[in-house]
Amino acid sequence: MPELAEVEFFRRRWAAGHRGRVRSVRVHPRARVFREADPARIAHALMGARLAGSEAAAKQMLFRFTGGAIGRGRSGWLGVHLGMSGELLVAPADQAPARHDHLVLVQDRRALVFRDPRMFGRIRFDVGAKPPQWWTAIAPAILSDHFTVEAVGDFLRRHARSPIKAVLLRQERFPGIGNWMADEVLWRAALHPARRSGSLRPAEVRALHRECRWVCREALARNGGRGRPLPPDLNVNLPRSWLFWHRWEDGGTCPRSGRPLARAEIGGRTTCWSPARQRLR
DNA sequence: CCAATTGTTATTTA
DNA sequence: ATAAATAACAATTG
């Protein structure tokens, strides 16, 4: 489920526990989400620690913990990737973990729950003075100054024979873009998802760059980006004018042209587009 | 039983 | 050697 703005939405949920101490940690130690971390070590380190802050980048989140068994001048860095079906929840402190709640951090007033039925998600953990390499290696954000038209053009040229849809899903240049956001961007840029990346003209590259930034900015704002109230549910504030609401409907129509939408597998993922707006070559 | 799912990564193919 | 395509991972639902 979670792409850029959705990840920020879930981070904000756990932010309810900022400044709170972890009183106990519950884990499903054999769960696949711990394939890159030692759940016993996480539980030991976080016991008594305080949630000091958090950030989101691309499809990942970083939660910083201090105190407890973590030494002075150091922090415990908890990395969360929600995969396909993961989510973060806030529950009453005494609520028993459900079947797919693989990591639960119990504070005095609430429990912070990581739930992931499909377990494509991932938990990572490190202790140190600075954020770990797996966090700092995330590509610079689409809304940062590093995401330029030139960088996009170079990247498309490097993957010239790949369909544009597949290239938009690559996190090393389009961090946080997932399947629905890629379709949304291509629809707004009026680019057919099967177009070879190397075939885009300069004006089309500029449109792609512009719509990437627009979709990221709007989706973040409407899902409670920093300084804005958190909506009650994920994506409820996206208008019906977005492709998002129509792409999975059977017999769905393009919110701009009213013409039928098409669906096919492109670049290995189910893709939705509006043939009336998005033409091949 | 079959197909589908908003993600990533290792392996195979070109 | 590099890039593109495919398989695999797991659980659930229709």
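Computed over heavy atoms, backbone and side chain alike; hydrogens, waters and symmetry mates excluded. Small disclaimer: the values here were computed from a predicted structure and weren't measured. All chains are named by letter (A, B, ...) in the order of the sequence lines, taking the proteins before the strands, and each is independently numbered beginning at 1.
Every pair passing ring-ring contact (aromatic ring centres under 6.0 Å, His included) that includes a residue from residues 250-274 of chain A is listed here, sequence neighbours excluded: A/H192-A/W273. Listed by first and then second residue, the salt bridge (Lys or Arg N to Asp or Glu O under 4.0 Å) pairs that reach into residues 69-95 of chain A come to none, sequence neighbours excluded.
What separates CD of A/E172 from C1' of B/dG7 is a distance of 14 Å, to the nearest Å. Look at CH2 on A/W134: it is 15 Å from P on B/dT8, rounded to the nearest Å. Here the P atom of nucleotide B/dA4 and the CG atom of A/N179 are 14 Å apart, to the nearest Å. Taking atom CE on A/M61 and atom P on B/dG7, their separation rounds to 14 Å, with Å as the unit.
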- Task: Using a 4.0 Å cut-off on protein heavy atoms (strictly under), produce a 5'-to-3' string for nucleotides 4-14 of chain C with B for base contact, S for backbone-only sugar-phosphate contact, and - for none.
- Result: SS---BBBS--
- Report, as a single string ordered 5' to 3', how protein heavy atoms within less than 4.0 Å touch nucleotides 9-14 of chain B: B base, S sugar-phosphate only, - not at all. S-----
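Taking the ring centroids of A/F147 and A/H209, they lie under the 6.0 Å cut-off. The ring of A/W214 has its center closer than 6.0 angstrom to the ring center of A/W242.
At least one cation-pi condition fails for A/R124 and A/W77: the charged atom is not both under 6.0 angstrom from the six-membered ring centre and inside a 45 degree cone around its axis.
In summary, A/D108 and A/R21 do not engage in a salt bridge, as defined by a charged side-chain N under 4.0 Å from a carboxylate O. Checked for salt-bridge contact, A/R11 and A/E55 miss the test: no charged N lies under 4.0 Å from a carboxylate O. Note on A/E249 versus A/R240: salt bridge recorded, some NZ/NE/NH1/NH2 to OD/OE distance being below 4.0 Å. Taking a cutoff of 4.0 Å between a charged side-chain nitrogen and a carboxylate oxygen, A/R188 and A/E184 qualify as a salt bridge.
One finds no side-chain N or O of A/Q171 lying less than 4.0 angstrom from the OP1 or OP2 phosphate oxygen of B/dG7. Contact between the side-chain N/O atoms of A/T270 and the OP1/OP2 oxygens of B/dT5 is found at a separation under 4.0 Å.
A donor-acceptor pair shorter than 3.5 Å cannot be found between the side chains of A/H246 and A/T253.
Residues A/L168 and A/V185 form a side-chain contact, since some pair of their non-hydrogen atoms from C-beta on lies under 4.5 Å apart.
Residues of residues 235-245 of chain A that place a heavy atom closer than 4.0 Å to DNA chain C do not occur.
Comparing the C1' positions of C/dG14 and B/dG7 gives an interatomic distance of 22 Å, to the nearest angstrom. Nucleotides B/dT9 and C/dA1 place their P atoms 22 Å apart, quoted to the nearest Å.
Annotation for A/A45 and A/I70: closest pair O-CG1, 3.7 Å, computed over non-hydrogen atoms.
Using the six-membered ring where Trp is involved, A/W180 and A/F244 have ring planes that are perpendicular, over 60° apart on the 30 and 60° scheme.
Stems are defined here as 3 or more consecutive Watson-Crick or G-U wobble pairs with pairing distances under 3.5 Å; those involving DNA chain B are B:2-5 with C:11-14, B:7-14 with C:2-9.
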